[in-house]
**Student:** 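Here you go, one structure.
Everything numeric here is computed off the predicted structure, so don't read it as measured data. Every number for a ligand or one of its atoms is a count from 1 in the order of the listing.
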Amino acid sequence: MGHIRENIDEINRLKDETAIKSGRKAGDVLLCAVTKTRTPEEINEAIDAGITDIGENKVQEIMDKYEHVKPVRWHLIGHLQTNKVKYIIDKVSMIHSVDSLHLAEEIDRRAAQHGITMDILIQVNSAQEESKFGITTEETGSMIRDILEKCEHVRIRGLMCIAPFEDDSNDVRIYFAEVKKLYDEYSKLEHERLDFKYLSMGMSHDFKVAIEEGSNLIRVGTAIFGARDYSKKN
Ligand SMILES: *Cc1c(COP(=O)(O)O)cnc(C)c1O
């Protein structure tokens with residue numbers, strides 16, 4: 001099965017080292033293990049090695065694995081269709097990929113039915129890549145205000161960004177920095193349903209740069225579990 005524990009130890013070391021170098025504290029950055037395509041056995045091995053948070057990008061995978069994985073916080077990190085919110089509303093602790101008022105309203109409706117408040121992040125596509133979901137930096141303020149006004153069972157906990165893939169991750173620094181600027185700006189908003197705590201940026205190949213630019217939640221799959229084999233599953 002590889003070296004899941006060793007990989008996690010190494011990423012924890014690197015993320016703490018990077019945080020300290022950037023003037024922050026060790027432990028400031030949460031490692032969310034991205035478990036798409038991984039088996040419950042692999043995921044449980046990661047949990048045994050100290051992982052407390054896991055991220056999936058497909059609703060179906062959460063449903064398939066949920067009962068077979070040890071207690072852990074689940075994050076929905078991929079694009080979410082409104083008609084699937086009902087399947088995960090009672091399973092995930094945060095949804096990173098909110099990119100429309102329509103989606104937030106459906107999350108709100110389902111959360112109300114369950115008597116809970118759902119934590120969400122707004123996904124910002126600062127590089128304006130057409131292939132990626134997320135709103136523009138310009139739309140962020142009005143999206144936040146609309147959600148606060150209309151969604152009483154949703155709490156906005158911060159922002160999320162997926163940078164374009166570049167061989168040299170220094171090339172995406174600017175996109176992380178833009179989202180960090182928005183994060184600092186809107187974290188000052190005073191509202192009972194806005195409580196910024198998470199800036200979700202950085203994956204296997206760019207998490208160090210993301211932390212340097214202010215990320216405090218990294219989503220790492222490949223660097224923990226190895227390359228994904230999409231032919232096996234999905
Ligand atoms: C797959 C995925 C990741 C993790 O990517 P790796 O390169 O395997 O670390 C992070 N965030 C999202 C939204 C993903 O879909």
**Student:** Charged N to carboxylate O below 4.0 Å: is that the case for Arg110 and Glu106?
**Tutor:** yes
**Student:** I would like to know whether Ile95 and Ile88 meet side-chain contact (heavy atoms from CB on, under 4.5 Å); could you show each step before the answer?
**Tutor:** CA-CA 10 Å; Ile95 299 171; Ile88 50 108; 4.0 Å; yes
**Student:** Just to verify, which of Glu166, Glu178, Glu212 counts as forming a side chain to side chain donor-acceptor pair (under 3.5 Å) with Arg173?
**Tutor:** Glu212
**Student:** For Phe196 together with Tyr183, are the ring centres under 6.0 Å from each other?
**Tutor:** yes
**Student:** Run the numbers for me: atoms of ligand 1, each under 4.0 Å from some heavy atom of Gly221, listed by number.
**Tutor:** 4 (C), 6 (P), 8 (O), 9 (O)
**Student:** Give the atom numbers and elements of ligand 1 that come within less than 4.0 Å of a heavy atom of Val220.
**Tutor:** 9 (O)
**Student:** Any atoms of ligand 1 less than 4.0 Å from a non-hydrogen atom of Thr222? List them with their elements.
**Tutor:** 6 (P), 7 (O), 8 (O), 9 (O)
**Student:** Less than 4.0 Å is my threshold; does some heavy atom of His96 fall inside it relative to ligand 1?
**Tutor:** no
**Student:** Relative to the heavy atoms of Ile77, which atoms of ligand 1 are at a distance of less than 4.0 Å?
**Tutor:** 11 (N), 12 (C), 13 (C), 14 (C)
**Student:** Using only atom types and a distance under 3.5 Å, with no angle test, would you say the side chain of Ser215 pairs donor to acceptor with the backbone of Ala210?
**Tutor:** no
**Student:** With a cut-off of 4.0 Å, which atoms of ligand 1 are near a heavy atom of Val34?
**Tutor:** 1 (C), 2 (C), 3 (C), 4 (C), 10 (C)
**Student:** Which of the numbered atoms in ligand 1 are below 4.0 angstrom from a heavy atom of Ile162?
**Tutor:** 13 (C)
**Student:** Going by an N to O cut-off under 4.0 Å, is there a salt bridge joining Arg13 and Glu17?
**Tutor:** yes
**Student:** Give the contacting part of Asn57 toward ligand 1: side chain, backbone, both or neither, where contact means a heavy-atom distance below 4.0 Å.
**Tutor:** side chain
**Student:** Quick one: look up the protein heavy atom nearest atom 9 (O) of ligand 1 and list residue, atom name and how far away it is.
**Tutor:** Ser204 OG, 2.5 Å
**Student:** Among Lys58, Met203, Met201, which residue places a heavy atom closest to atom 5 (O) of ligand 1?
**Tutor:** Met203
**Student:** Quick check on contacts: which atoms of ligand 1 are under 4.0 angstrom from a heavy atom of Arg219?
**Tutor:** 4 (C), 9 (O), 10 (C), 11 (N), 12 (C), 13 (C)
**Student:** Using distance alone, with no hydrogens and no angle criterion, decide if Asp53 and His75 have a side-chain donor and acceptor under 3.5 Å apart.
**Tutor:** yes
**Student:** Please confirm whether Lys36 comes within less than 3.5 Å of ligand 1 when only nitrogen or oxygen atoms on both sides are compared.
**Tutor:** yes
**Student:** Quick one: does Asn216's side chain have a donor or acceptor within less than 3.5 Å of a partner on Val29's backbone?
**Tutor:** no
